[in-house]
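Below is one structure; the comments refer to it alone.
In this text the structure is predicted, and so the values were computed from the model without any measurement. Both counts, for ligands and for their atoms, begin at 1 and track the order of listing.
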Amino acid sequence: MQTSFYKMHGLGNDFVIFDERAGHLSLTPARIAALADRRRGVGCDQLVTLRPACAEGADVFVRFFNPDGSEAGACGNASRCVADLVFWQTGNRTPVLQTRAGTLPARVEQDGLVTVDMGTPKLDWQAVPLAAEMDTLHLPLAGDPAAASMGNPHATFFVKDFSMLSHGSALEHDPLFPDRANIGFARIDSPERIRLKVHERGAGVTEACGSGACAAVVNAVRRGLVARRCTVELDGGILEIEWAENGHVLMTGPAAMAFEGRVDLATYAP
Ligand SMILES: N[C@H](CCC[C@H](N)C(=O)O)C(=O)O
């Protein structure tokens, strides 16, 4: 039996999106990993599922899964893609996404860019989470990173070059991060511009990381390095991030449909 999916991306951070609103699919962690495999499966950085929303005012319940089968509370680039998809399906330019990290209002602009209100960052050590009580602005790790949660854990290293990127996997699995962490390497190019590369939890280095861009701006503002409205340049392109005065982080960037496809899920792991 064939099941349809959407293949979308946000700045090259790519997603396989299954719509479960007509009925749940048996997407086990093993099947997710098999579908995400770039040689034996469809291939993606994250697999995304849509279900009927149950939160007040939300249009769709969105869940995000890494290629290792682990679930993430947030995914900025996929959130923009889902908002764009809902707009194309319904004509609603202001869809509201229910996620594990909270309810995220979105807006599809006339120029096609998508803005998602990613909510407020969580800056307390227990919210990131970290393994012990500590100042999240200066973690006791070589490289002196800062940590924040956007609904998923992020550590941001402020660097002059990206030679530390090869340490991303070891840092992702450092015992300081009981749920592991997304590891961002941020070069401050000006008070309004950051160059960012991210080793993503459960996925490795991706072309872009939306929640990582949000965390990098939040951590850089906390350190007094950038303005609250900042351009973040990733390998895949540009995101505009604003840590607004109301504490919410607004992320604006593109979303793209690559293709629609169909798979027989029964042929992908048990
Ligand atoms: N790997 C991340 C989820 C995807 C985040 C990224 N693709 C984004 O756009 O925010 C995590 O495990 O928290």
Applying a heavy-atom cut-off of 4.0 Å, say which part of A203 lies close to ligand 1: side chain, backbone, both or neither.
neither

Note: heavy atom closest to atom 3 (C) of ligand 1, options C209, G151, A72, belongs to A72

Just how far is it from atom CZ of R51 to atom CZ of F18, taken to the nearest 0.5 Å?
13.0 Å

Tell me which part of A74 gets within contact of ligand 1: side chain, backbone, both or neither, using heavy atoms under 4.0 Å.
backbone

Contact between ligand 1 and G202 is defined here as a heavy atom of the residue under 4.0 Å from a ligand atom; is it met?
no

Residue of the set N152, N66, D68 for which side chain to side chain donor-acceptor pair (under 3.5 Å) holds with R180
D68

With atoms numbered from 1 as shown, which atoms in ligand 1 lie under 4.0 angstrom from a non-hydrogen atom of N182?
1 (N), 2 (C), 11 (C), 12 (O), 13 (O)

Is the shortest side-chain N to carboxylate O distance from R195 to D161 below 4.0 Å?
no

Under a 4.0 angstrom heavy-atom cut-off, which atoms of ligand 1 come close to N66?
1 (N), 2 (C), 3 (C), 11 (C), 12 (O)

Any atom of ligand 1 sitting under 4.0 Å from a heavy atom of N13?
yes

Report yes if some N/O of G212 lies less than 3.5 Å from some N/O of ligand 1; otherwise report no.
no

Measure Q46 to ligand 1 on non-hydrogen atoms and call it side chain, backbone, both or neither using the 4.0 Å cut-off.
side chain

Which residue and non-hydrogen atom of the protein lie closest to atom 4 (C) of ligand 1, and at what distance in Å?
E200 OE1, 3.3 Å

Are a donor atom and an acceptor atom from the side chains of T231 and E240 found within less than 3.5 Å of each other?
yes

